[in-house]
Amino acid sequence: MCARYALFGPFSPGNLVPGFVEHVINPLAGFAHYNIAPSLVNPVVVAGGGGPGLESMRWGLLPHWAKDPKIAYSTINARAETLVDKPAFRDAWRRGQRCLVPVTGWYEWVDQGGKRKQPYFLRAADESNPMMFAGLWSRWTDADGKQVATYTVVTTEAMGEVRRVHDRQPQVLPSEAWDTWLQAPVPEAAALLQPIVTALRIHPVGSDVGNPRNQGPSLVERLADAS
DNA sequence: CCAGACGTTGTT
DNA sequence: GTCTGG
DNA sequence: CCAGACGTTGTT
DNA sequence: GTCTGG
């Protein structure tokens with residue numbers, strides 16, 4: 001899957017996620033483009049909009065028992081097929097700590113046979129609203145006793161045109177499933193973890209998307225197709 | 001019993 | 001080539 | 001996932 | 001915290 005995804009606007013808290021305003025934490029009001037990377041704080045949607053210790057969330061789920069926060073770099077994704085059993089994710093799953101991750105799109109890098117990998121932007125066909133990835137979140141306390149909230153993006157088998165660039169993709173949830181994912185009992189949420197065809201536009205972009213220090217709308221401008 | 005992992009992607 | 005930081 | 005570092009001695 | 005490997 002993506003080790004980068006993108007969210008851009010301008011969005012305000014009011015239109016970031018229509019109907020879910022009260023659930024959004026850290027909405028990053030006013031940003032024009034956000035190139036998201038592991039360990040960075042960005043918007044997520046949780047039932048009730050968070051609370052103490054949930055003022056913001058970092059990408060890369062830290063289980064409550066984690067000692068080294070570096071493991072967050074390898075818990076940016078949780079496989080839908082196995083998250084129920086994996087020690088790193090199952091506690092969050094059992095506790096119903098699910099979230100929605102709003103994005104405009106995500107990136108995939110395609111191997112070019114020796115040459116440098118070509119990044120592509122997979123962009124929601126509906127540009128007016130973010131799409132939603134399924135996520136899990138966790139509370140973690142660092143060595144100084146400071147509370148940190150983190151989350152992971154669920155992945156599943158790629159479907160439709162995504163398969164041209166990769167065999168896995170984030171678990172996208174259709175709008176009618178959002179409330180269920182946030183609020184329903186575990187068995188109902190489990191039923192939503194199914195591969196889904198998503199309406200996307202896919203186009204090549206510049207290699208500068210690979211560095212999260214690079215920000216701005218120019219990152220996702222279409223690159224002329226090579227061949 | 002203790003020590004060490006606990007995860008994903010992709011690549012070999 | 002391989003590990004770390006983001 | 002990609003980008004970027006990858007080393008030592010000594011000095012601030 | 002809890003499981004696996006030694």
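Small disclaimer: the values here were computed from a predicted structure and weren't measured. Side chains included, hydrogens not; waters and symmetry mates left out as well; all remaining heavy atoms used. Each chain gets a letter, A, B and so on, in the order its sequence line appears, and its residues count up from 1.
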Enquirer: So, is A:Thr82 near the phosphate of B:dT8, with a side-chain N or O under 4.0 Å from OP1 or OP2?
Expert: yes
Enquirer: Expressed in angstrom and rounded to an integer, what is the separation of A:Asp85 atom CG from B:dT8 atom P?
Expert: 11 Å
Enquirer: Quantified in whole Å, what is the C1' atom distance between nucleotide D:dG7 and nucleotide C:dT2?
Expert: 16 Å
Enquirer: Throw together a table of side-chain donor-acceptor distances under 3.5 angstrom for residues 47-58 of chain A, partners on residues two or more places apart or in other chains.
Expert:
| unit_1 | atom_1 | unit_2 | atom_2 | d |
| --- | --- | --- | --- | --- |
| A:Glu55 | OE1 | A:Gly53 | N | 3.3 |
| A:Glu55 | OE2 | A:Gly53 | N | 3.3 |

Enquirer: What's the CG-C1' distance between A:Leu122 and D:dC1, to the nearest Å?
Expert: 14 Å
Enquirer: State which residues pass side-chain contact (heavy atoms from CB on, under 4.5 Å) with A:Asp68; sequence neighbours excluded, sorted by chain then number.
Expert: A:Lys70
Enquirer: Polar-atom pairs under 3.5 Å, protein N or O versus N or O of nucleotides 4-6 of chain D: list them with distances, or write none.
Expert:
| unit_1 | atom_1 | unit_2 | atom_2 | d |
| --- | --- | --- | --- | --- |
| D:dG4 | OP1 | A:Asn211 | ND2 | 3.4 |
| D:dG4 | OP1 | A:Arg213 | NH2 | 2.9 |

Enquirer: Rounding to the closest angstrom, what is the interatomic distance between D:dC1 and B:dT12 at atom P?
Expert: 11 Å
Enquirer: Only counting residues at least two apart or in another chain, list the ones meeting side chain to side chain donor-acceptor pair (under 3.5 Å) with A:Ser218.
Expert: none
Enquirer: I'd like to check the side-chain contact (heavy atoms from CB on, under 4.5 Å) partners of A:Pro187; sequence neighbours left out, ordered by chain and number.
Expert: A:Pro185
Enquirer: Is the phosphate of B:dT11 approached by A:Lys117 (side-chain N or O, under 4.0 Å from OP1 or OP2)?
Expert: yes
Enquirer: Expressed in angstrom and rounded to an integer, what is the separation of A:Lys86 atom NZ from B:dG7 atom P?
Expert: 5 Å
Enquirer: Taking distance alone, no hydrogens or angles, what donor-acceptor pairs closer than 3.5 Å link side-chain atoms of residues 189-210 of chain A to residues at least two apart or in another chain?
Expert:
| unit_1 | atom_1 | unit_2 | atom_2 | d |
| --- | --- | --- | --- | --- |
| A:Arg201 | NH2 | A:Glu127 | OE2 | 2.5 |

Enquirer: Can you check whether A:Phe133 and A:Trp106 have ring centres sitting under 6.0 Å from each other?
Expert: yes
Enquirer: In whole Å, what is the span from the CD1 atom of A:Ile76 to the C1' atom of C:dG5?
Expert: 13 Å
Enquirer: Test side chain to side chain donor-acceptor pair (under 3.5 Å) on A:Gln147 and A:Thr141; report intermediate values, then the result.
Expert: CA-CA 5 Å; A:Gln147 294 275 326; A:Thr141 306; 3.2 Å; yes
Enquirer: Nearest whole angstrom, please: distance from the C1' of D:dC2 to the CG of A:Asp111.
Expert: 13 Å
Enquirer: Answer yes or no: is there an ion pair linking A:Glu81 with A:Arg168, defined by an N-O contact shorter than 4.0 Å?
Expert: yes
Enquirer: Measure CZ/A:Phe89 against C1'/E:dT2 and give the value in whole Å, please.
Expert: 16 Å
Enquirer: In whole angstroms, how far is the P atom of D:dC2 from the CD1 atom of A:Ile36?
Expert: 18 Å
Enquirer: Nearest whole Å is fine: how far is D:dC2 C1' from A:Glu108 CD?
Expert: 13 Å
Enquirer: Between E:dC3 and B:dT9, how far apart are the two P atoms, rounded to whole Å?
Expert: 24 Å
Enquirer: Looking for any heavy atom pair under 4.0 Å, which part of the strands does A:Asp208 touch: base, sugar-phosphate only, or nothing?
Expert: nothing
Enquirer: Touch check for A:Thr152, heavy atoms < 4.0 angstrom, all strands: base, sugar-phosphate only, or nothing?
Expert: nothing
Enquirer: With a non-hydrogen cut-off below 4.0 angstrom, is A:Arg90 in contact with a base, only sugar-phosphate, or nothing?
Expert: sugar-phosphate
Enquirer: Just to confirm, is there a sub-4.0 Å distance from OP1 or OP2 of B:dT9 to any side-chain nitrogen or oxygen of A:Arg168?
Expert: yes
Enquirer: Is there a donor and acceptor pair, one atom on the side chain of A:Thr75 and one on the base of B:dG7, closer than 3.5 Å?
Expert: no
Enquirer: Apply salt bridge (Lys or Arg N to Asp or Glu O under 4.0 Å) to A:Glu157 and list each qualifying residue two or more places apart in sequence or on a separate chain.
Expert: A:Arg163
Enquirer: Pick the P atom in B:dG4 and in D:dG10, then give their distance to the nearest Å.
Expert: 33 Å
Enquirer: From C-beta outward on A:Trp109, which listed nucleotide comes closest to its side chain: D:dC1, E:dG1, B:dG7?
Expert: D:dC1
Enquirer: Let me have DNA chain D in dot-bracket notation, would you? Count Watson-Crick plus G-U wobble pairs, both distances under 3.5 Å, and use [ ] for pairs crossing earlier ones and | for inter-strand partners.
Expert: ||||||......
Enquirer: Could you go through residues 93-100 of chain A and list every donor-acceptor pair under 3.5 Å that involves a side-chain atom there, pairing it with any protein atom two or more places apart or in another chain?
Expert:
| unit_1 | atom_1 | unit_2 | atom_2 | d |
| --- | --- | --- | --- | --- |
| A:Arg98 | NE | A:Trp181 | O | 2.5 |
| A:Arg98 | NH2 | A:Trp181 | O | 3.3 |
| A:Arg98 | NH2 | A:Ala184 | O | 2.4 |

